[in-house]
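The structure under discussion appears below in the form of structure tokens.
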Amino acid sequence: MERDVRQGTFPIQGPSNGQRMVEMLVELTDAELIRRCQENDSSAVNELYRRYREKVYRIACRIVLDHDDALDVTQDVFIHVLKGIAAFRFQSSFSTWVTRVTVNVSIDWIRKRRRMKSVAFQPVELDGVETVAVKNDQAERVHDAFKLLDPEQRSCIILREIEGASYQEIADALGCSIGTVRSRIHRARGHLKRILKDVMVE
Amino acid sequence: MRITCLFVRSRIERFVDEELSSRASESIRSHVARCSSCKEEVRSLYALRRAVERLRVPRHDDGFWDEQWRAIVAKAGAPGLRLRRLRTAGATARRAIFAGSLAAAAILVVAGAVLITAPDRQQAQSSTYVPYIDFHVSTIDQQVLMGDHFSNAQYVSVSYNGQ
Ligand SMILES: [Zn+2]
């Protein structure tokens, strides 16, 4: 359908703009904020961003395993949010939706990165990863161990262990069945337990 | 391994993930309290959780996030939301009105209104505006991203131009 397109100004203000209004927005639910977004209330978009930016970044950091890449992912996620919010139909919570977008953008990012390096992902032979264990820094050890998981396993285990999501919430975020979530978490745990044995003992 | 242990192990992850009914959970709990090997399994699952929590995430202040927001808005196609509406017979006339309002001069709007016919103006005022954001950077399949949450339905908004 051909459309007549023109540009209005929809000022996206800094969150510091209008202290009283911001205070009021803080008390609204996500759903109420989305309705305001759909009425072109730009401060409501800001409030959603303020609420979810850290969650999005946190999940992205742990899936893409690179802090700078995670910032790019976070930007992409909110670009999708800006684009999609007008058509949001409340079939899930905003939180579920934004988690779903974050996981999808993160996994897509990893795949893109791999293609750029033109190195196909090869699951590492787990018996051969003792080298991982020589590093002293435990955070770095966990980081390296995570690199050995495939992106979907990573996503599932992070949503479960760090974000405290239920199997159903993870299934919704990844668009797969609860059975798939369970088996991904199980396999991820199996791998991590073997690699991180000594990190886990204390 | 005892039969009971095998049964418990098949449910032990769901137990630590709090995915069992309270009754099932209680029966696992009472077994774990008595069985050292199953207790060890539970302990290692919690230890793994703590290990996973060690993955670092840098902290950023509000100023940093504001900066990011500006970048997001710029990438989304500054200045952000735009308006789109169906092309109809009166489109050309309405474009004139809209251009006038963009110039932020009420006088111009009035002047523009004078230039067009009355029926056209009426049509313009009742026309439907659909907000959207111009979007260039996505490489992701929209269907995959949006799933069931979205339709292609047009959403009506009567506010535009920051009003
Ligand atoms: Zn036992």
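- Once rounded to the nearest 0.5 Å, the distance linking CZ of B/Arg14 with CD1 of A/Ile178 reads 10.5 Å.
- With a 4.5 Å cut-off on non-hydrogen atoms, A/Ile162 touches chain B through its side chain but not through its backbone.
- With salt bridges taken as basic N to acidic carboxylate O contacts below 4.0 Å, one links B/Asp62 and A/Arg53.
- If you take CZ on A/Arg160 and CG on B/Asp17, they are separated by 4.5 Å, rounding to the nearest 0.5 Å.
- Nearest heavy atom pair, residue A/Glu54 against residue B/His60, reads OE2-O, 4.2 Å.
- Of all non-hydrogen atoms in A/Leu82 and B/Ile72, the two that sit nearest each other are CD1-CG2, 3.9 Å.
- Checking side-chain atoms of B/Glu19 against main-chain N and O of A/Tyr167 turns up a donor-acceptor pair under 3.5 Å.
- Using a 4.5 Å cut-off between heavy atoms, B/Gln68 touches chain A through backbone and side chain atoms alike.
- Considering only heavy atoms from C-beta on, A/Leu65 comes within 4.5 Å of B/Leu55 through its side chain.
- For A/Arg189, the parts sitting under 4.5 Å from any heavy atom of chain B are the backbone and the side chain alike.
- Between the side chain of A/His143 and the backbone N or O of B/Arg56, no donor-acceptor pair lies under 3.5 Å.
- The aromatic rings of B/Trp65 and A/Tyr49 lie perpendicular to each other, with more than 60° between the two planes, well past the 30° mark.
- Proximity to chain A (any heavy atom under 4.5 Å) is restricted, for B/Arg59, to the side chain, taken from C-beta onward.
- Side-chain contact between A/Arg141 and B/Arg54 is absent, with no heavy-atom pair separated by less than 4.5 Å.
- Counting non-hydrogen atoms of neighbouring residues, nucleotides and ligands closer than 6.0 angstrom, the CD1 atom of B/Ile3 reaches no more than 12 such neighbours.
- Within 6.0 Å of the CD atom in B/Glu18, the count of heavy atoms belonging to other residues, nucleotides or ligands does not exceed 12.
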task = Apply the test side-chain contact (heavy atoms from CB on, under 4.5 Å) to residues B/Glu53 and A/Val142: give CA-CA distance (whole Å), side-chain angles for both, the deciding distance (0.1 Å), then the verdict.
result = CA-CA 9 Å; B/Glu53 283 165 359; A/Val142 177; over 6 Å; no
